[in-house]
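Encoded as structure tokens, the structure appears first; notes follow it.
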2 protein chains.
Amino acid sequence: MKSAVEPLKARRIYLLLRDRIVAGELPPGGRLPGEPALAAEHAVSRVTVRRALDLLEKEGLVQRKPGSGTFVHDSRSVRPIVADLSNVLSHLIDMGRSTDVKLLSFGYVAPSEAIADSLGLKPGERVQRSVRVRLIDGEPFSYLTTHVPEWLGLTYSEAELAARPLLELIERSGVKTERATQAINATLAGPEAAAALDLEIGSPLLTLTRIVYEPSGRGVEHLHALYRPDRYSFHMDLVRIGDDGERRWSPALGWPRAPNKTKADKAKTDKNKPGEKPTRGPRAIKQRS
Amino acid sequence: MKSAVEPLKARRIYLLLRDRIVAGELPPGGRLPGEPALAAEHAVSRVTVRRALDLLEKEGLVQRKPGSGTFVHDSRSVRPIVADLSNVLSHLIDMGRSTDVKLLSFGYVAPSEAIADSLGLKPGERVQRSVRVRLIDGEPFSYLTTHVPEWLGLTYSEAELAARPLLELIERSGVKTERATQAINATLAGPEAAAALDLEIGSPLLTLTRIVYEPSGRGVEHLHALYRPDRYSFHMDLVRIGDDGERRWSPALGWPRAPNKTKADKAKTDKNKPGEKPTRGPRAIKQRS
DNA sequence: CAAAGCTGTATTATCGATCATACAGGTTCC
DNA sequence: GGAACCTGTATGATCGATAATACAGCTTTG
């Protein structure tokens with residue numbers, strides 16, 4: 001009666017191996033078990049193992065050498081393409097200037113209930129909806145859907161939106177943006193986002209939903225962002241604050257955001273400053289084994 | 001030549017419909033197109049559409065009424081089981097006391113290179129590795145893998161770890177925890193995590209990797225957390241700081257940190273505070289059961 | 001050099017997912 | 001009540017994913 005819809009054995013093996021690699025169980029540069037061994041271990045055929053390895057290779061996690069074996073791609077160069085941001089999205093406005101943006105959709109529509117609700121619109125009010133893709137080095141990494149009230153959207157043109165950060169346009173119009181709330185989550189890539197981000201359909205995505213308010217408390221921008229997790233992630237530094245009973249983590253705000261100094265000073269902090277460093281990555285060191 | 005390994009048409013349709021629902025295109029409580037209509041629209045058979053709807057129903061996103069239709073489940077009660085945290089993980093220690101924890105694994109092992117690196121261990125040093133699952137109301141929502149240096153792990157017992165937050169145990173041992181860095185990302189559920197979190201294997205997960213340092217700069221805890229996105233998400237309030245040229249968002253620290261429930265209170269916030277909290281919604285007065 | 005192990009490739013067979021179709025039973029609306 | 005819709009269920013045919021096997025070519029090792 002039941003079939004459980006087991007979504008592809010190859011995918012299962014792929015995920016399992018991927019976990020082992022990112023968890024570090026398989027050392028970078030090391031060779032993982034041969035295809036026949038993997039097939040036996042997971043009770044599948046070698047063809048299926050092969051499909052899993054194909055996926056890993058396509059993502060740059062492993063490298064196959066005919067006659068020799070399959071190796072974990074040691075270069076961390078895959079990861080830190082886009083990363084870091086000490087406090088939240090602090091440098092997005094900068095990125096708006098240093099990255100390419102493709103405007104996929106632009107128009108005025110009737111808002112969904114969720115959008116109208118978050119922007120505090122009256123029934124009947126329309127919104128400007130835009131879909132953009134951000135690229136870095138020609139590779140897409142974020143898929144942005146924004147909604148702004150119609151009266152605000154009319155203060156700039158489609159061409160301007162394609163060229164400048166939305167928040168800049170909003171502030172240019174005279175609207176004050178003081179507060180915002182946001183939520184970070186995860187989902188699977190749907191058809192449109194997958195196509196725009198150059199991904200398979202079931203790929204995982206980081207989501208950011210942000211609502212920007214003007215001082216009066218009215219919402220002026222609803223942003224829904226999807227990020228490729230291999231090209232983007234949220235980094236932050238924390239400090240422990242509070243007294244005994246109520247100690248908790250808090251984002252470290254006043255942080256040396258200038259990439260230049262910091263490193264020079266503490267370069268000699270005894271033996272090593274563990275990797276996983278946010279700002280200015282460990283890739284500067286480039287030590288391998 | 002290639003077949004592209006299209007991972008299940010049913011999954012594609014499921015994702016597409018899910019996107020429409022969460023995006024609000026399909027109003028909560030509304031009826032979505034009939035199965036024959038959906039089948040025609042996406043050029044698949046009705047059986048396949050059915051499988052997609054099965055998935056949606058299992059997740060509580062839709063409700064099927066024989067003879068009537070399939071409806072978007074209006075109660076948002078599904079979503080905000082666990083949510084919010086104004087500044088990062090501020091209340092995790094509280095949650096450690098109000099939720100159940102299941103210890104799945106506990107032992108001392110040789111660290112992977114990545115772990116040893118982030119904790120600043122010397123070659124040969126061992127680490128304590130533990131895997132825990134956190135439940136709220138009996139439902140799992142997070143899967144935590146922690147690594148701490150052996151000398152630190154020996155200061156508490158397995159039973160203590162199962163009962164108290166790890167950070168509390170670390171601080172009890174006299175180690176000062178002042179700083180930490182963390183990264184938020186997304187992945188797909190592997191076999192172990194999927195089983196522990198009661199999910200399908202390819203499900204999306206929120207990840208949090210945090211490294212806690214003692215004042216000397218040595219790492220004392222490496223935490224890798226996986227969260228069910230439908231039961232957990234990171235919320236934060238932002239304020240805009242800086243002068244003209246360098247305006248950016250910054251986490252709002254001293255904020256009324258009780259966005260939690262209190263539906264009673266916020267009933268009077270009128271339109272001024274547009275909620276942002278998904279917990280609300282005009283017609284979604286909730287609720288079933 | 002030769003043996004052993006590996007990846008790359010092809011073949012055929014099997015099993016599950018999908019399709020197309022039909023029918024049963026409930027709901028809605030006229 | 002009855003027509004028109006809907007979901008629930010079953011059938012057999014078709015297509016893709018997987019299995020089992022075999023072989024070619026390369027690399028490593030002794």
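Protein chains get the first letters and strands the later ones, always in sequence-line order, with residue 1 at the start of each.
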Within the sub-3.5 Å range, which N or O atoms of nucleotides 25-30 of chain C have a protein N or O partner, and how far apart are they?
| unit_1 | atom_1 | unit_2 | atom_2 | d |
| --- | --- | --- | --- | --- |
| C:dG26 | N2 | B:Gly67 | O | 2.9 |
| C:dT27 | O4' | B:Gly67 | O | 3.4 |

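Counting only distance, with no hydrogens or angles, the side chain of A:Glu125 and the backbone of A:Lys122 share a donor-acceptor pair below 3.5 Å.
Nucleotide D:dA17 holds its P atom 21 Å from the NE2 atom of A:His42, rounded to whole Å. D:dT18 atom P lies 10 Å from atom CG of A:Leu55, rounded to whole Å. Here D:dA17 presents its P atom at 17 Å from OH of A:Tyr14, a figure rounded to the nearest Å. Taking atom CZ on A:Arg11 and atom C1' on D:dT18, their separation rounds to 17 Å, with Å as the unit. In this structure, CG of B:Asp54 is placed 11 Å from C1' of D:dT7, rounded to the nearest angstrom. Across the protein-nucleic acid pair, A:Leu38 atom CG and D:dA19 atom P stand 13 Å apart, rounded to whole Å. When rounded to the nearest whole Å, the span between CZ of A:Arg31 and P of C:dG5 equals 11 Å. In this structure, B:Lys9 atom NZ and D:dT14 atom C1' are separated by 11 Å, rounded to whole Å.
Among the nucleotides D:dG8, C:dT7, C:dT18, the one closest to any side-chain atom of B:Arg50 is D:dG8. Listed candidates were D:dT9, C:dA20, D:dT18. Nearest to the side chain of A:Ser45 is D:dT18. Picking from D:dT9, D:dA19, C:dA17 the nucleotide with the shortest atom distance to the side chain of B:Arg51 gives C:dA17.
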Check: Run the salt bridge (Lys or Arg N to Asp or Glu O under 4.0 Å) check on A:Arg20 and A:Glu41 step by step: do they pass?
Finding: CA-CA 15 Å; A:Arg20 287 191 186 170; A:Glu41 178 183 351; 3.3 Å; yes

Check: Given A:Phe141 and A:Tyr143, is the ring-ring contact (aromatic ring centres under 6.0 Å, His included) satisfied, shown in steps?
Finding: CA-CA 7 Å; A:Phe141 72 96; A:Tyr143 181 87; over 10 Å; no

Item checked: Verdict with reasoning, B:Phe234 to A:Phe234, per ring-ring contact (aromatic ring centres under 6.0 Å, His included) -> CA-CA 11 Å; B:Phe234 295 98; A:Phe234 295 98; 9.4 Å; no

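Inter-residue side-chain proximity for A:Asp198 and A:Arg228 is flagged as met; some heavy-atom pair is nearer than 4.5 Å. Inter-residue side-chain proximity for A:Val62 and A:His73 is flagged as unmet; no heavy-atom pair is nearer than 4.5 Å. Between A:Glu139 and A:Arg231, some side-chain heavy-atom pair lies under the 4.5 Å cut-off.
Here the NE2-CD1 distance, from B:His222 to B:Ile115, works out to 4.0 Å after rounding to the nearest 0.5 Å. Separation of atoms CG (A:Asn185) and CG (B:Asp230) is listed at 8.5 Å; rounding is to 0.5 Å.
Both A:Val47 and B:Thr70 lie close to DNA chain D; mapped to their nearest nucleotides by heavy-atom distance, the more 5′-ward contact belongs to B:Thr70. Both A:Ala43 and B:Arg64 lie near DNA chain D, and the one whose nearest nucleotide falls closer to the 5' end is B:Arg64.
For C:dG8, its base sits under 3.5 Å from the side chain of A:Arg46 at one donor and acceptor pair at least.
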Next item on the list: Kindly express the pairing pattern of DNA chain C in dot-bracket notation, using | wherever a base pairs with another strand and counting only Watson-Crick or G-U pairs under 3.5 Å.
Entry: ||||||||||||||||||||||||||||||

